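What you see is a predicted model, and the numbers here were worked out from it, not measured in a lab.
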Amino acid sequence: MSIRIYNTLTRRLEELEPLVPGEVSLYVCGPTVYADAHIGHTMGPVLFDAVARWLTARGYRVRFVNNITDIDDKIIDRARASGESWQAITQRYTAQYLDLLATLGVETITAHPQCSNHIDHMIPFIGELVEHDIAYRAEDGIYFDVSRHQGYGKLSGRHLDELQAGARIERRSDLRNPQDFCLWKLAKPGEPSWPSPWGDGRPGWHIECSVMSEQLLGRAFDIHGGGDDLKFPHHENEIAQSEANGRPFARIWMHTGLIQYQGAKISKSDPRMQDAAFAAQFMAKNAIASYGGATLRFLFLQGHYRRPVDFAPDSLRAAGTAYRRLQRLIGDLADDDERLGLDAILARPLAPELAEHRAAFCAAMDEDFNTGQAIARLFSLAALARKSDDQQAEQARHLIRDLGRCIGLFRPGEQQQEQHPDDHLAASLMDLILDLRAQARQAKDYATADTIRDRLKALDITVTDGPKGASWSRDG
RNA sequence: GGCGCUGUGGCGGAGCGGCUACGCAGCGGAUUGCAAAUCCGCGUACCCCGGUUCGAAUCCGGGCGGCGCCUCCA
């Protein structure tokens with residue numbers, strides 16, 4: 001068994017050979033916390049959570065770092081506009097972000113370092129660069145001289161001369177190269193700042209990832225991940241800083257596809273985002289409220305992590321329907337919080353057709369984490385479970401649950417969480433309503449029973465009559 | 001303009017040299033007080049044009065289209 005990963009840096013599938021046998025170190029860029037998180041912020045963590053879960057299932061110990069950028073011009077602007085302190089803003093949105101990840105079942109992240117806690121590691125890092133004349137003082141801060149790093153552009157396939165030819169970059173007489181980037185930004189009056197040998201100021205955007213990854217994972221680590229839009233300049237600059245400073249840095253780079261809407265990416269600067277109602281549909285909290293965290297997670301995992309995901313209501317609904325069918329099939333097996341390693345799952349003796357799907361699921365995951373193909377096998381197992389005899393059906397149901405859990409599906413309690421969104425009043429009222437309906441049915445007053453069901457349906461609540469009485473669920 | 005990705009059935013979305021992907025929707029049937037849920041059955045798709053091959057959605061060349069990055073972004 002070996003795991004192959006598409007390395008953006010080499011543009012090839014490469015076998016995962018961790019620096020430390022049996023351990024995988026993973027760093028994934030997280031959000032800048034100054035506003036409500038959008039679904040794109042949550043997709044990366046979900047995707048990499050599935051990666052981490054799979055590696056864990058495969059027996060690796062995974063260290064997974066996901067940073068929080070809590071110092072940034074936009075945060076400062078926001079604080080100034082609202083009158084709040086920047087800390088109040090970042091604390092609020094950091095808490096929201098972590099809460100969203102929990103709702104989406106992201107459980108594998110081992111550290112969420114915050115930029116503001118690592119300034120004292122950044123200063124010596126920048127100091128080293130200055131010492132070697134790789135970084136220099138410009139008018140408003142310390143800048144990295146990109147010409148001092150030979151491989152600059154290797155990740156994004158760019159050459160400095162081409163970049164220079166582009167007219168997009170503002171020319172500044174105090175910079176050595178137009179694409180030099182800021183490592184330390186000197187503070188203007190009233191801005192939050194930290195002392196440094198070059199004057200009070202704050203770190204530039206890129207430096208935190210180079211420094212915090214080193215702090216938490218070491219100078220060399222296995223995988224660096226992030227959204228495709230970070231490839232340039234963010235990741236390119238991270239590489240430049242770290243390598244120019246004698247760090248080997250990341251071996252494998254993984255980039256995730258981006259959220260799209262009607263075939264195109266929605267950028268922060270998209271004019272439509274000015275419309276509050278338009279922007280609201282991309283807020284993670286709203287998407288979760290409408291469709292549920294598990295459905296959102298399932299949607300992300302149905303495709304391949306490198307491909308963009310079109311965020312359309314129809315896709316969400318289809319994903320919700322499909323996922324609920326699997327949940328129903330598994331039924332109360334999902335209540336059990338049993339989490340098996342792959343060895344245990346593979347050791348279980350099975351009928352050949354079940355074993356074939358099990359093997360295909362694993363092969364799909366081993367080959368660049370093809371969750372979409374893996375999930376297809378779950379549906380094939382579901383079909384078998386429905387037509388097999390009791391014993392084999394039971395095996396298939398267990399297998400669906402256990403394999404699914406290797407990528408974060410079928411988490412214990414997730415159905416309750418979604419069906420009764422921590423509203424005890426709603427749950428009690430539903431009990432009351434269903435009791436009355438059961439009485440009506442007992443009295444063969446089907447007209448009343450149907451009216452109750454139809455009116456609940458209009459509220460997106462589905463009532464299901466079963467042998468043990470009626471149950472209800474909220475439709476995505 | 002540069003770099004990269006991509007074009008699959010109504011929709012979403014894998015596959016990337018030969019075998020039903022899969023899901024959603026739809027249609028027919030079974031079951032059901034009616035529904036829901038569940039079950040059974042049904043679609044033979046790969047942008048265009050050349051080429052390679054016994055065989056191509058899958059490889060190569062050309063064309064046309066879409067998307068991303070090159071400014072903020074996960």
*Before giving the answer on side-chain hydrogen bond (donor to acceptor under 3.5 Å, both in side chains), spell out for A:H234 and A:E238 the whole-Å C-alpha distance, their side-chain angles and the decisive distance to 0.1 Å.*
CA-CA 6 Å; A:H234 183 52; A:E238 285 184 42; 2.8 Å; yes
*C1' spacing across the pair B:C24 / B:C73, given as an integer number of angstrom*: 31 Å
*Under 4.0 angstrom, heavy atoms only, what part of the nucleic acid is A:P45 near: base, sugar-phosphate, or nothing?*
nothing
_Distance below 4.0 Å between A:K265 side-chain N/O and B:C69 OP1 or OP2_ = yes
*Name the residue closer to the 5' end of RNA chain B, choosing between A:R11 and A:H304 according to the nucleotide with the nearest heavy atom.*
A:R11
_Any donor-acceptor N/O pair under 3.5 Å between B:A35 base and A:R453 side chain_ = yes
*Answer yes when A:D228 and A:K265 have at least one side-chain N-carboxylate O distance shorter than 4.0 Å, and no when they do not.*
no
*Going by the side-chain hydrogen bond (donor to acceptor under 3.5 Å, both in side chains) test, name the single residue among A:H235, A:K231, A:E236 that passes it with A:S156.*
A:E236
*Would you call the rings of A:F48 and A:Y305 parallel, tilted or perpendicular if under 30° counts as parallel and over 60° as perpendicular?*
tilted
*Classify the nucleic acid contact of A:V28 as base, sugar-phosphate or nothing, counting any heavy atom under 4.0 Å across all strands shown.*
nothing
_Separation of the P atoms in B:G13 and B:A74, to the nearest angstrom_ = 23 Å
_Between A:K231 and B:C5, is there a contact of a side-chain N or O with OP1 or OP2 at under 4.0 Å?_
no
*Within the structure shown, what part of the strands sits under 4.0 Å from A:G153 by heavy-atom distance: base, sugar-phosphate, or nothing?*
nothing
*Pair A:H149-A:E243, side-chain hydrogen bond (donor to acceptor under 3.5 Å, both in side chains): steps then yes or no*: CA-CA 8 Å; A:H149 181 244; A:E243 290 189 350; 3.0 Å; yes
*With a 4.0 Å cut-off on heavy atoms, is A:R377 in touch with a base, just the backbone sugar-phosphate, or nothing at all?*
nothing
*Base, sugar-phosphate, or nothing: which does A:I259 touch, judged by heavy atoms less than 4.0 Å apart?*
base
*Identify whether any heavy atom of A:D228 sits under 4.0 Å from a base atom; if not, whether one sits that close to sugar-phosphate; answer base, sugar-phosphate or nothing.*
sugar-phosphate
*Which part of the nucleic acid does A:S156 contact within heavy-atom distance under 4.0 Å: base, sugar-phosphate only, or nothing?*
sugar-phosphate
*Let me know, please, whether A:T32 or A:L299 comes out on the 5' side of the other along RNA chain B by nearest nucleotide.*
A:L299
*Distance between the C1' atoms of B:G9 and B:A57, in whole angstroms?*
12 Å
*asked:* Once you apply a heavy-atom cut-off of 4.0 Å, does A:Y446 come out as touching a base, just sugar-phosphate, or nothing?
replied: base
*Find the distance A:D310:CG to B:C67:P and express it as a whole number of Å.*
12 Å
_Between A:D73 and A:R202, does the salt bridge (charged side-chain N to carboxylate O under 4.0 Å, His left out) criterion hold? Intermediate values first, please._
CA-CA 10 Å; A:D73 289 2; A:R202 61 181 183 274; 2.5 Å; yes
_Inter-nucleotide P distance (B:G18, B:C27), Å rounded_ = 35 Å
*Can you tell me the pairing partner of B:G61 across any strand shown, Watson-Crick or G-U wobble, with both distances under 3.5 angstrom?*
B:C49
*asked:* Could you tell me how far apart A:F379 (CZ) and B:G13 (P) are, to the nearest whole angstrom?
replied: 15 Å
_Stepwise side-chain hydrogen bond (donor to acceptor under 3.5 Å, both in side chains) test for A:E367 and A:Q373_ = CA-CA 10 Å; A:E367 187 76 352; A:Q373 206 172 23; over 6 Å; no
*asked:* Just to be sure I understand the rule, does A:L258 reach a base, reach only the sugar-phosphate, or reach nothing, if contact means heavy atoms closer than 4.0 Å?
replied: base
_hbond_proxy A:D314 side chain to B:G12 base (donor-acceptor, 3.5 Å cutoff)_ = no
*Under 3.5 Å on both distances, the Watson-Crick or G-U partner of B:C3*: B:G68
*Rounded to whole angstrom units, what separation is found between the CG atom of A:L155 and the C1' atom of B:G2?*
16 Å
*asked:* Suppose you measure atom C1' in B:A45 against the same atom in B:C16; what distance do you get, rounded to whole Å?
replied: 15 Å
*Given side chains that start at C-beta, do those of A:R441 and A:D465 come closer than 4.5 Å, heavy atoms only?*
yes
_Sugar-phosphate only, base, or nothing, as touched by A:R306 at under 4.0 Å among non-hydrogen atoms_ = nothing
*Compare side-chain N and O positions of A:R325 against OP1 and OP2 of B:U38 and report whether any pair is under 4.0 Å apart.*
yes
*Within this structure, what is the CZ-to-C1' distance between A:R317 and B:G23, rounded to whole angstrom?*
16 Å
*Which is true for A:N370 with a 4.0 Å heavy-atom rule: it touches a base, it touches only sugar-phosphate, or it touches nothing?*
sugar-phosphate
*Describe the nucleic acid contact of A:G40 in one word from base, sugar-phosphate, nothing, applying a heavy-atom distance below 4.0 Å.*
base
*asked:* My understanding is that a pair needs two contacts under 3.5 Å, Watson-Crick or G-U wobble. By that rule, which nucleotide pairs with B:G17?
replied: none
*asked:* Can you tell me whether the side chain of A:K74 and the base of B:C72 have a donor-acceptor pair closer than 3.5 Å?
replied: no
*Just call it for A:T321: base, sugar-phosphate, or nothing, with non-hydrogen atoms closer than 4.0 Å on any strand.*
sugar-phosphate
Polar-atom pairs under 3.5 Å, protein N or O versus N or O of nucleotides 40-43 of chain B: list them with distances, or write none.
none

*asked:* Looking at B:C73, which nucleotide sits across from it as a Watson-Crick or G-U wobble partner, both distances under 3.5 angstrom, or is there none?
replied: none
*For B:G41, give its Watson-Crick or G-U wobble partner with both distances under 3.5 Å, or none.*
B:C27
*Please give, in whole Å, the distance from B:A21 C1' to A:L381 CG?*
14 Å
*Atom CZ of A:R455 to atom C1' of B:A35: distance rounded to whole Å?*
17 Å
_Is any side-chain heavy atom of A:Y97 closer than 4.5 Å to one of A:H112?_
yes
*Would you say A:L409 and A:Y323 make side-chain contact, with heavy atoms under 4.5 Å?*
yes
*Residue matched to B:G12 through Watson-Crick or wobble contacts both under 3.5 angstrom*: B:C22
*Which whole number of Å gives the distance between the P atom of B:C47 and that of B:G65?*
16 Å
_Work out how far the C1' atom of B:C22 is from that of B:U71, and round it to whole angstrom._
40 Å
_Watson-Crick/G-U partner (both atom distances under 3.5 Å) of B:A56_ = none
*Indicate yes or no: at least one non-hydrogen side-chain atom of A:L155 is less than 4.5 angstrom from one of A:H255.*
yes
_For a quick check of understanding: with a heavy-atom distance under 4.0 Å over all strands, which category does A:A376 fall into, base, sugar-phosphate or nothing?_
base
*Determine the Euclidean distance between corresponding P atoms of B:U31 and B:A25; express it in Å to zero decimal places.*
22 Å
